[in-house]
Amino acid sequence: MTFHDPMALAQEKMTKVCHFLELHQLPPTPLNYQVTYTYISRSNTDLAERLDRDLRNGVAIDNVYIEQLYFEFVYAEHQAELAVLKEVDNVIDELTVSTARSQQSITQFRRHIQNCSHALSNQDPAKNKQLLAEFALHTERLLEQQQKFKAGLLKAKKTQIEQHKALSNIRKQRLIDPHTGLYKRHYLSQRADMWLDQNKMLCAISIQVDNLEEFTAKYGDVIGEAVLQRIAQKIKKYVVESGVPGRTGKQEFTILLADIEPETAQIIAAKIRQGIRKLKFISNRGNIQFPELQLAVGIAKRQTESDFNELASKAAFAAQKAQALGRDCYISGANL
């Protein structure tokens, strides 16, 4: 979206943008600026209403959440996808033209064969020789046309392979979190909407790594990233077939489950917790003792929640309650 604000108004909005970023401890990245400026400008009604609602509900506003807003409400042009589709359209157009020409050549060739068969005569060898020469010439032209068509098909196949790879890369960039290999928050939101349209029962598991910031602050970003990746691998291992795992916060993962009761979700969560507890982090120097990972796990079943954000917030609140109560896991709404 392009803004054409006067300088004074733009400066006023940027002051509000900086205040918003500082309030929610967001880094001043171009994406965070764009989404926040769009929100402050109230130029995108759907984005503004979503952010207003989530602010009222106490949803954590972090990089992952802002990225979800960007893909859902701001990034509408999808220029990369359009470029790929345009290239595919060009190849299809070329094949259409080539097919039409090939069909025309075959029709003309068939007509020439009919003419030759009628004109051939045992009484006039010279004329027959001339007709056969013309027939040979038309055959060569047809073969040449078919070679061009074959070359077009090979080109189309090559382009199709290249564009398939390009679309796969685009999809991966849009849907997969580069730090963990899990799905991004906006994809979980899309999947939840799809399942809600299918009237499926939904559950969400929130897994919060309470001392991840301690790892990063004490041992550096590299160690923090390594811890994050190892946890993500364990989560993926246990839910690869039963649910959709995603990174939904700086130190939070959410698993979206369809047609699974909270009790079953609790079993899945327990396996994940046990798997993460078995992780061993060893320094290359061999003399650093890393602290044990502290996890808070919450489970929520959809009742009246209208979308993924509300369900994820409910599960996150359950995880916070589990931590406060000193439990391994807390199921929202359960009589425990």
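- Applying the side chain to side chain contact (heavy atoms under 4.5 Å, CB included) test between F308 and each of D193, L202, T248 identifies T248 as the sole match.
- Taken together through direct or relayed side-chain contacts under 4.5 Å among Ile, Leu, Val, Met, Phe, Trp and Tyr, Y37 and Y70 form part of one hydrophobic cluster.
- The distance from atom CD of Q294 to atom CD of Q208, rounded to the nearest 0.5 Å, is 12.5 Å.
- Between the side chains of D52 and Y39, at least one donor N or O sits under 3.5 Å from an acceptor N or O.
- When side chains are defined from C-beta on, L31 counts as touching I66, because their heavy atoms get closer than 4.5 Å.
- N57 and E310 form no side-chain donor-acceptor contact under 3.5 Å, judged by distance and modelled atom types alone.
- Using a 4.5 Å heavy-atom threshold, the side chains of R247 and L228 count as touching.
- Within a 6.0 Å sphere centred on CG of D221, other residues, nucleotides and ligands contribute 12 heavy atoms or fewer.
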Where do R53 and D307 land on the salt bridge (Lys or Arg N to Asp or Glu O under 4.0 Å) test, with the steps shown first?
CA-CA 12 Å; R53 186 195 70 186; D307 58 24; 2.8 Å; yes
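- At least one side-chain heavy atom of Q68 sits under 4.5 Å from a side-chain heavy atom of N309.
- A 4.5 Å side-chain heavy-atom check between R273 and V297 finds at least one atom pair inside the cut-off.
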Between Y33 and V17, does a side chain to side chain contact (heavy atoms under 4.5 Å, CB included) hold up when you go through it step by step?
CA-CA 7 Å; Y33 265 121; V17 168; 3.5 Å; yes
Quick one, Q251 with D210, criterion side chain to side chain donor-acceptor pair (under 3.5 Å). Give me CA distance, side-chain angles, the key distance, then yes/no.
CA-CA 7 Å; Q251 54 190 35; D210 293 329; 5.1 Å; no
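- Checking side-chain atoms of S189 against main-chain N and O of R185 turns up no donor-acceptor pair under 3.5 Å.
- For the pairing with Y187, the side-chain hydrogen bond (donor to acceptor under 3.5 Å, both in side chains) check across Q190, R191, K184 returns one residue only, R191.
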Which is it for D62 and K250 under the salt bridge (Lys or Arg N to Asp or Glu O under 4.0 Å) test, yes or no, and what are the steps along the way?
CA-CA 7 Å; D62 56 17; K250 186 176 181 180; over 6 Å; no
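- The existence of a salt bridge linking D328 and R277 is confirmed by a sub-4.0 Å separation between a basic side-chain nitrogen and an acidic carboxylate oxygen.
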Validation: residues 20-30 side-chain donor-acceptor distances under 3.5 Å, sequence neighbours left out:
from: T29; atom 1: OG1; to: N32; atom 2: N; distance (Å): 3.2
from: T29; atom 1: OG1; to: N32; atom 2: ND2; distance (Å): 3.1

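- If you chain together hydrophobic residues whose side chains sit under 4.5 Å apart, I255 and I267 never meet in one group.
- Side chains of Q233 and Q229: a donor-acceptor N/O pair is absent below 3.5 angstrom, by distance only.
- Note that CD of E305 is 10.0 Å distant from CG of L196, once rounded to the nearest 0.5 Å.
- Clustering ILVMFWY residues whenever any of their side-chain heavy atoms sit less than 4.5 angstrom apart, transitively, puts L47 in a cluster other than the one holding V64.
- L256 and I176 fall within the same hydrophobic cluster, defined by Ile, Leu, Val, Met, Phe, Trp and Tyr side-chain heavy atoms under 4.5 Å apart, directly or through other members.
- With no hydrogens or angles considered, a side-chain donor-acceptor pair links S41 and K13 at under 3.5 Å.
- In this structure, the side chains of M201 and E261 come closer than 4.5 Å at one or more pairs of heavy atoms.
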